[in-house]
Structure formats: C-alpha cells, structure tokens
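What follows is a set of notes on a single structure, which appears directly below.
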Amino acid sequence: MNIAAQTAGSYTPTVKVDEENAVIELNESNNSYTSSSNLVVNAVPSSDLVAAASWAPSNPVAGNNVSFTVNLKNQGNIASASGAHALTLVLKNSAGAIIQTFTGSYSGAIAAGASVNVNMGTWIAVNGSYTITTTVAVDANEVSIKQANNTSVTSLYSGRGANMPFTVIEAELPSNATNGTRLVPNFTPGDFAGEASGRSAVYLDTNGEYVEFTLTSPANAFVLRNAVAENTTGTVSIYADGVSKGKFSVSSKFSYLYATPTTLGRLGYDNSGTKAYWLYEDSQLMLDQVYPAGTKIKIQKDAGDVSWIYVDMIETENVAPAASNPDPSKYVQVTASKSIDQALNEFRQDTTKKGIFIPAGSWTINSKIFIYGRATEIIGAGPWYTKLTAPQDQSNTDVGFNIAATANGSTIRDLSAWGNYQYRVDGPGKFIDGNGMQNVTIQNIWAEHFVCLYWGVGASNNTFKNNRIKNTFADGINMTNGSNNNIIDNNYARATGDDSFAEFSAVDAGGSYNVGNKFTNLTAVTVRRAAAFAAYGGSDNLFQNLYGADTLTYPGLTISSLSFGYNTLGFGDVDTVFDGITLDRTGGDFWTSVGADDKINDYQNFGAIWFYVGDRAFKNIVVKNVDINNSVYFGLMFQNMYPNALAMQNVRIENVNINNPTRYGIKLVARAEQGQGPVVGAASFTNVKINNPGVTAIYGESLSPNFTVNRVSGNNW
C-alpha cells in the first residue's frame, strides 16, 4: 500500500481486516494490529511565511479610524531570506467589491519561529460585513509545498451587535419598490406596526401587490418575517428579477396570543384577555441557486395566496452546501434506521469515537435526548439542512438535549431545532438543559418555538457562539446560581418572550455571585416581553458591543437588583460593565392593570436603560459608550423599589448619546408608580449628551432629595 506524501509528524500505523466480521473465523479478536513504533515523517528544510491581519479597535463602528496590522510569522524550520517581504491586504464588502487595498513590506531575515508586525494603513469604518484577504510574497527559502498558506482570509464586522451570516432588509425602507401600503410607525403592542421591526411594515391585500428588495450580497436562502390572519395557513409568492421562484409557506400557528398587557406571553392561549399580541412569525425558503448582489427579490400576493399579509423584513443568506460527516471513523452517523439515541449508544460503547453526525434531513424528536458518559460531539450538516423537529401535531413538547455532568466538554453545533411551544410554561421547554454543565460549546444552533435556548444553573466555562434564537416564550440565554466565566458571544435573538440575554445572580438553587461572564457581540430585536439585555446582580460581568431594538414592553437594557422573591445576592464588589451599546426604539409599558373594559388603568413607563434598585445591593455599575436612539419614553431611567430605600452606589455613566427621546432624556422617578418609588443614592455623569431640544433633559432632580446627580464633565444639560 502507498500512503502517499504526508505532512511532518509522528504516525501510528494500524492494519485491520474483515472489520464487519463477515468471514467466519476461529478468532475474531485478532483482526486488528497496531504497530508498537511510530512512523516519523521529518519536516523539509524550509521557511514558511504566514500573514495574519488584525485591527484596532477590534469591534469598530461607523466613523472609527481603523488601523490594520499584519503579523508576519515564519513558522518554518529555517530562517527566511534577508530581502524584502511584500504584503498585500485587500478589504472587500459583502458583495465582493474591493473597498481598499493596502500594501506594506518587511525587509530582513525572519528567524524560524519568529514574527514581526507591519502597519498597513487605516480605514474610516462603515457599518457592514467585510472580508480581509492578506497575502505575503513567496520567500526565496520557502519550498513550494510551504507556499499554500501565503494567503489568508478573515472576516471583519463593523457595527454593534452580532455578525451573522445573513443580512436583514426592512420591508418599509424607501429604497424598496412597493405598491402595497407602508404602515405609519407606532409603539403599540398588539398593532401590526407597533410589533414590527423598525415599527413599520408593508401590507399586501390585493392580488399583484408586492414589496421588492434588492440583494446587497449574494443569497440563496431567505427568511420572511410576516403576519397573516388568525387561523390561517397558506402561501405568498417570491420572484427573482421578475421570475417566479416558488412560494413561502406562511402560518399563524404560533401567533395571536390573547392576554392582558401584564400577562403578555405568560398565559398564551388561555384567553386571559381580549386583545391578541405577538402577531408576527417567520417563514423560511431556500431557492434553486445563489443570486448575486443586485438581484431584485419580490414578495408578491398572487391568486391562491393568503388573503392578506404584513411583510416586516427579509433575511438574505448565502448558504453553503450541506456538510458531510467530518470523519466517518470518528463520528457515528444517524440514518433512517439508526436514530440519534441509537447513534449515541454506539458512540458510548466505542472509546475511539468522538461523537455523532446528524446529516441533512428533518429528524423528529419526541423527548429530551440525554448526553452522558463522556464528552460528546453532536454535529449537523448546517442549520438550514439538519433540522431537529418536535412533533408539529402536538404542542409544548419538551424536546432537545440534556447534558449531564459526566458529559462536560461536549459540543453541539451546526443544526437547527424547531419546537412546538404555543405558550409559556416555566420549567420545561429549554432546548439545552444542563444544570452545572462545564466547558460545553453550543455553536451555530438555530432554535425556534421553545421556551428558552438555555437557562444555566451553576453552569461555568461554557461557550454559546454564533447561535440564532427566535420566537421563544421566555429568555434566549440566562445564566444564574453561580454561573461563572461563560462566553456568550456573537448570538442573534429575535422575538424572545423574556430577556434575550441575561444573568440573574440567584442562589436559591445554590452557588454564589455570577462572576466573569462575558456577553459580547449580541443582537436582540423585537423583544416581546422584558429587555434585550439584563443584569440582575452579579459581579465582574461584562456586556460589550451590543445592539438592541424595538422592545415591545420593556427597556433595551435592564440593570436591576430585584430578587423576584428568590434568594439572590444583588451586585458585588467588582464592577459590572456595559460598554459599546446601541439601542433603537426601546422602552415601553408594563406592570399594567386592566379594567373590565380592557382598558389600561395605570402603567409603568420604561426608559431605554433602566437602573432599578430592588431589594438587594445595587452598586459598582459602569455604563459607557452608548447610543440611545428614538427611545419610546426616556433615555435613562433611575428608580427604587418602594418602600425600600437601598441606595444606588458607585454608578458611573460615561460617553452616552441620547438622541430624540420622546419624553425626557433622563428620568428620576420621584414618586410611587405601581408600587415602585423614588430613586435613592447617587450616580455620576460624564459626557452624557441629550440631543433633542424639544424635550426636558432631566426630570425629577428637584423632586428627588435623596438622589445626587453628579455632573462630572462634558454634559450638555
């Protein structure tokens, strides 16, 4: 046998015969032999230059002066030649157009294992997704086999929030052609404009009415956020450059929840009110080819389609072909005759296996799948292809994965999960269960119609990355009860039924302060109940580079020490930091009571950011580098639980722009509202700008004798 050329390294030869035991033998146990000595392949003498780009700031936003640096490393085993080493860095936008080309060079020999940094130039950032291609010229001491890695490609995202593989285009944009009706924006839950992303949508109710989007990057897969009539299942048509490409299936199955404003989303279909909420739902469709940037994608109501439809937004995505089993010798493959549980059992019985592979297809799961025994990898073919589906003829079925402590270190990635929850039930309904789980990675998961993606109790050192969380009845991801050092990075949430991303420092089920969690590069939009981001106590936690928009009832960011009646610890001695946040059209009304005529009697107005001193310590809070745009009521809101008089301590607000608040820039709650009382304590303000001359900059300062507003410098009020 000829094993062909191999890369340098040490290899263990193993030979096998009759692996399926098809031949009848006296001894089936000696069909495998592993050599006691390794085959060693020595490295060829060569330099090996690789170039890696970096930039500062690492999370740029529009207008930042971005500096590019290339780290040029010789990972070969001899020094490079002593001449000039030319470098090229090409920045391209999502459509593939070159934005800017940078050139640089390093002169001199680079020793084996050594590296140097080369400054390449600067770029004024524009929000969007980009690719960076970095190339180093071939070195005279670099043999041909070592030249394949002279070019590297990485991605750069400018803008706050998650960098997802899809692009969102709002239907109501003036740049879209339409003969439908653009809705007048409002902030009213239960209204088709008020519950839409951007607080507007396009209404199509006559055959031939359409809204047409222009692709800003190549795409072959689409998600349509839409609303149709109650008790409706039907279609709406899609065209590419005027050519019919099929139909979206649309449904109201998970929409129209009747409730009062106070019970919104918690009671669901029990008809606790007379008004319907949660009107929008998503539909998905993959087309026959990748359409280039500039293609016109038209959503049109044709004969045979639903009688009317509100089109809110479209997601466009260029989805690669389905992935195959990365290593059939290491991953047991699920098949039509081998269920997920059976594949897991086979994996557990063979210590040479790493996990299981679930190929493209729709795989019905009827209950929780238990992961135990040892670290397990569960890999799909991609979230558009591998679909785990709860029985769609049932409702509120508790499905997903339950990860035991014996499976710490597990990974679940590259698949989607489709629940069947139609109202909230606290306890079941989490796609990932895993109290106390450690070192688990949940990556590239797309989950819809669950109660939560994950609610962590005593969970530490886990990573949640590149996930999509949509249309849940409670939180997207919430860490509690001594959940420490978790990384929640680059996730997107839409239409969660409670806080999209949160940590709650409860100790009712054990643990201490939540410490060291990093909530970074997150997007949360059209949050149906509660906030986009929330911290309820904890210590030394970071919320950074966040984008939140269109919360229907609550702030964009809640910072609270309320215990909710549980045993909690409040905030600790190390700062909780909120840094680099944009909030658009956030705030709303909640804690309402409704009379017999179903009218609101009284209510709590919320600002875009809510500082709330509950019944636990509220201290050591830093909020900086924030842009608040078009808040429903106020930019910043400060409040105490009534009649508690715990003082707000060591709260610093820095570099905040409050643009066009509707009522006040800053509100200090100065009287009891719905049992919530006047603010107590102090906060300092540095470079806080309120940019709307038509509103009162700060309300309640003279009415709040027990609260000190410390204007440090740079404020305009």
Side-chain angles (χ1 to χ4, degrees), residues 171-172 180-184 186-197 199-207 209 211 223-237 247-285 299-314 390-397 418-425 448-451 470-473 494-497 526-529 550 552-553 594 597-600:
E172 69 275 8
T181 303
R182 287 187 174 90
L183 303 187
V184 176
N186 67 61
F187 293 129
T188 306
D191 181 272
F192 288 102
E195 291 201 1
S197 172
R199 307 302 179 119
S200 182
V202 173
Y203 179 52
L204 312 177
D205 65 340
T206 301
N207 290 343
E209 286 191 338
V211 56
V223 175
L224 185 71
R225 190 169 195 253
N226 67 90
V228 297
E230 191 172 6
N231 300 317
T232 293
T233 298
T235 60
V236 68
S237 303
K247 294 178 181 290
F248 280 98
S249 296
V250 295
S251 173
S252 64
K253 178 179 179 180
F254 296 99
S255 307
Y256 293 90
L257 277 77
Y258 284 88
T260 67
T262 299
T263 62
L264 176 60
R266 183 174 287 275
L267 300 179
Y269 280 126
D270 71 347
N271 293 316
S272 61
T274 60
K275 185 174 181 178
Y277 297 88
W278 298 13
L279 306 175
Y280 283 90
E281 179 52 37
D282 288 344
S283 304
Q284 305 80 30
L285 183 66
I299 306 300
Q300 181 168 295
K301 175 186 150 33
D302 288 338
D305 288 338
V306 291
S307 58
W308 54 260
I309 186 169
Y310 290 88
V311 178
D312 180 20
M313 65 158 71
I314 194 169
Q392 294 302 298
D393 58 348
Q394 302 175 15
S395 63
N396 287 36
T397 307
W418 303 86
N420 60 15
Y421 273 80
Q422 292 182 282
Y423 57 89
R424 176 169 174 166
V425 179
E448 295 204 28
H449 304 139
F450 288 85
V451 176
K470 300 179 182 177
N471 303 309
T472 61
F473 278 87
R494 183 164 74 229
T496 59
T526 60
V527 185
R528 302 191 287 194
R529 183 179 187 270
D550 299 309
L552 301 189
T553 59
V594 179
D597 57 357
D598 207 36
K599 292 183 179 179
I600 295 174

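This one's a predicted model, so the numbers in the text were calculated from it and none came from an experiment. These values consider heavy atoms only, across backbone and side chains, with no hydrogens, waters or symmetry-generated copies.
- A heavy-atom distance below 4.5 Å is not found between the side chains of Glu195 and Arg528.
- The nearest pair of heavy atoms linking Leu183 to Ser200 is O-OG, 2.7 Å.
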Run the side-chain hydrogen bond (donor to acceptor under 3.5 Å, both in side chains) check on Asn420 and Thr397 step by step: do they pass? CA-CA 6 Å; Asn420 60 15; Thr397 307; 3.0 Å; yes

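- Side-chain contact of Glu281 with Tyr256: a donor-acceptor pair under 3.5 Å is absent, judged by distance alone.
- No side-chain donor from either of Ser252 and Asn231 sits under 3.5 Å from a side-chain acceptor of the other.
- Among all heavy-atom pairs drawn from Ser249 and Ser283, the shortest one is O-OG, 2.8 Å.
- Using bins of under 30°, 30° to 60° and over 60° for the plane-to-plane angle, the ring pair Tyr203/Tyr310 lands in the parallel bin.
- Residue Ala227 comes nearest to Trp308 through the heavy atom pair O-CZ3, 3.9 Å, listed as atom of the first residue, atom of the second, then distance.
- Looking only at side-chain heavy atoms (C-beta outward), Lys470 and Thr496 stay at 4.5 Å or farther from each other.
- Proximity of Val236 to Asn226: side-chain heavy atoms (C-beta onward) are nowhere separated by under 4.5 Å.
- Arg494 places none of its side-chain heavy atoms less than 4.5 Å from the side chain of Asn471.
- In terms of heavy atoms, Ala201 sits closest to Tyr280 at CB-OH, 3.5 Å.
- Here the CZ atom belonging to Phe187 is positioned 13.5 Å from the OG1 atom belonging to Thr553, to the nearest 0.5 angstrom.
- When side chains are defined from C-beta on, Leu279 does not count as touching Ser255, because their heavy atoms never get closer than 4.5 Å.
- Between Tyr258 and Trp278, the gap from one ring centroid to the other reaches at least 6.0 Å.
- Between the side chains of Asp305 and Thr235, a donor-acceptor pair is found at a separation under 3.5 Å.
- Side-chain contact between Leu224 and Val311: present, with at least one pair of heavy atoms (C-beta onward) separated by less than 4.5 Å.
- Proximity of a side-chain donor or acceptor of Lys275 to a complementary backbone N or O of Pro189 within less than 3.5 Å is detected.
- Aromatic ring centres of Tyr421 and His449 lie farther apart than the 6.0 Å criterion allows.
- Listed for the Gln392 side chain is a donor-acceptor partner under 3.5 Å among the backbone atoms of Ala390.
- Side-chain N or O atoms of Arg225 include none that pairs as donor or acceptor with a backbone N or O of Met313 at under 3.5 Å.
- Of the possible polar contacts, none joining the Glu448 side chain to the Trp418 backbone as a donor-acceptor pair under 3.5 Å is found.
- You'll find the side chain of Val250 reaches within 4.5 Å of the side chain of Val306, heavy atoms only.
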Taking it one step at a time, do Arg199 and Asp550 satisfy side-chain contact (heavy atoms from CB on, under 4.5 Å)? CA-CA 7 Å; Arg199 307 302 179 119; Asp550 299 309; 3.0 Å; yes

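- Using modelled atom types, no side-chain atom of Tyr423 and backbone atom of Asn396 make a donor-acceptor pair closer than 3.5 Å.
- Side-chain atoms of Ser251 never come within 3.5 Å of backbone atoms of Thr233 as a donor-acceptor pair (strictly under, hydrogens ignored).
- You'll find the side chain of Asp282 reaches within 4.5 Å of the side chain of Gln284, heavy atoms only.
- Note on Asp205 versus Lys301: no salt bridge recorded, every NZ/NE/NH1/NH2 to OD/OE distance being 4.0 Å or above.
- Ser237 and Asp302 share a donor-acceptor pair across their side chains, judged by distance under 3.5 Å alone.
- Of the possible polar contacts, one joining the Asp312 side chain to the Ser197 backbone as a donor-acceptor pair under 3.5 Å is found.
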Quick one: do Phe192 and Asn186 satisfy side-chain contact (heavy atoms from CB on, under 4.5 Å)? Show the steps, please. CA-CA 9 Å; Phe192 288 102; Asn186 67 61; over 6 Å; no

